[in-house]
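For clarity, every value in this text was computed on a predicted model and none was experimentally measured. The chains referred to below are lettered A, B, ... by the order of the sequence lines, with proteins before strands, and numbering in each begins at 1.
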Amino acid sequence: MSKVVSMAEAIETYVEDGMTVCLEGFSHLISFAAAHEIIRQQRRNLTLCRMTPDIVSDQLVAAGCVSKLVASFFASGSAGSLHELRRRIERHDPVPLEVEEYSHYGMVCRYQAGAAGLPFFPLRSYAGSDLPRLNPRIRLVEDPYGEGTVYVVPPLNPDVTIVHAQRADRHGNVQIWGISGVQQEAVYAAGKAIVVVEEIVDDEIVRSDPNRTLIPSHAVDAVVVCPRGAHPSYVQGYYDRDCAFYRRWTAISKDSGLLQAWLKEWVHGTANHEEYLDKLGGDYWDDLAVAPRFSEPVDYGSRK
Amino acid sequence: MTTARVGAISATEVIVSVAARELAGKGRVFAGVGLPTLAVDLAKRTSNPDVELIYESGVCGAHPGAMAEGIADSVVVSGAESVVSMSALFGYVLQGGNVDVGFLGAAQIDRYGSLNTSIIGDWDKPTVRLPGAGGAVEIMPNAGEIFVVMRRHDPSAFPAELDFCTSPSPVRARAAGDGIMPRGRGVTKVFTNLGVLSRQGPFDELELVSVHEGVTVDDVRAQTGWELKVADDLTVTAPPTGEEIHLLRDVIDKVRFYLR
């Protein structure tokens, strides 16, 4: 059975106002195209969950889609600050943003607990840190097998998780290589999962390399084909990170007027991701092209 | 190396060069966001070609073909020895006790090496909202030792009391007395624009072990928010060599991403 739908249809069907939405991808494989469609469809009061908010969160928050952010790192990697987030948090400008904060492994453990149906997940961190005081959902429990205590985090079960990947078959068997982050855990933790891919491939291609299928079709509700849908983040083997855009974003997001103008021109001003790509122009991709670097084939063998 | 140097050497170049030298002989190094990423690149080309680079994106045994503009850059993936999921990276590699040196940046540090990467000012309405914990909370207690780079050495960055403790030292963890105690020593080296600070045991205090050229001990004391201990065998930091400067400027960071 094919689960392939358009981006507009996927967002319309699965993302409703007030939902908890996970949009994962660690620098690699961030579905900007899905986020832009959420902005176009003007969803409101979302709880956005992302380990590393990145530019995509600055955009979703500035567009008025998000009322709460659940995250563990509030910057654009080494590229600098996310100024819309900082305005909201530091000056409550134009309104405050509710934040629930964990460490990276705290978020990973939340997804693992959510995916595995567990009530909490323990970790070795947080002794002496102010994070549990900032976020009372990080709690201390007795070690039932020892004499000490251990900090735990609660499960995260989003209404919907959206991830980007290199490829899938039409059933939703999703293959990822390069940095895989928490894509698998975030999908399994979700009520519904949308996977956006660079391309749909034949069933036989997926079956030729089953170890590369990090997300099996049984965990996926919708597959969206959206080439270059992770721009300005990257897709290993398809196109590189648009580092120049990441560097430019600091200046754009520093000025809320510029940021709003950017959203108007590049998101509201384009009907879909194809128009966004047309607007960037065909030549734009020359700088982001990557040279092929194939892995050696592996032999799965088969009984004669 | 005695190659002639060109142009004034920046504090960033000093910090990164000195930190890279201190990575000599270290095994598995977990490189954090920002200057650590640049310093491990330099170390791999100079003091420690065999250093095993780990990034919190899940990349283990990285062999980047170009400077990484981040810990999850595609160049740290291509040619790497392994890429694991985040649950494996944090759960098994780091929490399992397999990292020798964790290498971090911070906005504030206290005398025992606790770090603040979260908030300056009020927690509810901060003066500056910093990037936050990221993996720093996990790296601090689970790596054998921690190196820290601080671009600014002044009383606000070296306060008597942190505005917020993101990553606690073993001293602070012991005082809190809850959760699982750190397995590592905490911060052992701090590289700043004025000098190098060091501490040995998990419950020791930081002390000044070297000052950069043109900096006096009194300068450093005046810029530190507590009564700073000074090592008996205090030295003057050997400045970056011509080769180190050449590599940083002309080979590694040609776009001036970190050397801005």
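- Only the side chain of B:N142 comes within contact range of chain A, judged by heavy atoms closer than 4.5 Å.
- For the set A:L134, A:D240, A:V99, the count of heavy-atom pairs under 4.5 angstrom toward chain B peaks at A:L134.
- In this structure, a donor-acceptor pair under 3.5 Å is present between the side chains of A:Y284 and A:D242.
- Counting only N and O atoms by type, the side chains of A:T52 and A:D54 include no donor and acceptor under 3.5 Å apart.
- A:R124 has no carboxylate O lying under 4.0 Å from a charged side-chain N of B:E138, or vice versa, which leaves the two without a salt bridge.
- Of the listed residues (B:D178, B:V77, B:T166, B:V76), the greatest number of heavy-atom pairs within a distance under 4.5 Å of chain A belongs to B:D178.
- Proximity to chain B (any heavy atom under 4.5 Å) is shown, for A:Y111, by neither the backbone nor the side chain.
- Of the two parts of A:L123, the backbone and the side chain both hold a non-hydrogen atom closer than 4.5 Å to a non-hydrogen atom of chain B.
- B:E205 and B:R199 are not joined by a salt bridge, as no carboxylate oxygen comes within less than 4.0 angstrom of a charged side-chain nitrogen.
- No other option in B:A176, B:G179, B:G177 has as many heavy-atom pairs under 4.5 Å with chain A as B:G179.
- More than 12 non-hydrogen atoms from other residues, nucleotides or ligands lie less than 6.0 angstrom from NZ of A:K68.
- Residue-level contacts of residues 124-133 of chain B with chain A, in order of numbering, are B:D124, B:K125, B:P126, B:T127, B:V128, B:R129, B:L130, B:P131, B:G132, B:A133; threshold 4.5 Å between heavy atoms.
- Taking chain A as the reference chain and counting heavy-atom pairs below 4.5 Å, the highest number among B:S85, B:A80, B:S87 is found for B:S87.
- For the options B:G58, B:S114, B:S57, B:S74, heavy-atom pairs under 4.5 Å to chain A are most numerous at B:S74.
- The environment of CZ in B:R183 is crowded: more than 12 heavy-atom neighbours from other residues, nucleotides or ligands sit within 6.0 Å.
- Ranked by heavy-atom pairs shorter than 4.5 Å toward chain A, the options B:G134, B:A173, B:G135, B:P168 are led by B:G134.
- A:Y239 and A:Y234 have their aromatic ring centers separated by at least 6.0 angstrom.
- Using the six-membered ring where Trp is involved, B:F90 and B:F30 have ring planes that are tilted, between 30° and 60° apart.
- In this structure, chain A has heavy atoms under 4.5 Å from both the backbone and the side chain of B:V137.
- With a 4.5 angstrom heavy-atom cutoff, B:M140 does not touch chain A via any of its atoms.
- No salt bridge links A:R88 with A:E98; every basic N to acidic carboxylate O contact stays at or beyond 4.0 Å.
- Look at B:E145 and B:K189 and you find no salt bridge, because none of the NZ, NE, NH1 or NH2 atoms lies under 4.0 Å from a carboxylate O.
- Only the side chain of A:L140 comes within contact range of chain B, judged by heavy atoms closer than 4.5 Å.
- In this structure, chain B has a heavy atom under 4.5 Å from the side chain of A:M51, while its backbone stays farther away.
- Contacts with chain A were tallied for B:A175, B:G91, B:S169; B:G91 has the most, counting heavy-atom pairs under 4.5 Å.
- In this structure, B:D253 does not pair ionically with B:R249, as no charged nitrogen and carboxylate oxygen lie closer than 4.0 Å.
- Inspection of non-hydrogen atoms places A:T149, A:V150, A:Y151 of residues 145-155 of chain A under 4.5 Å from chain B.
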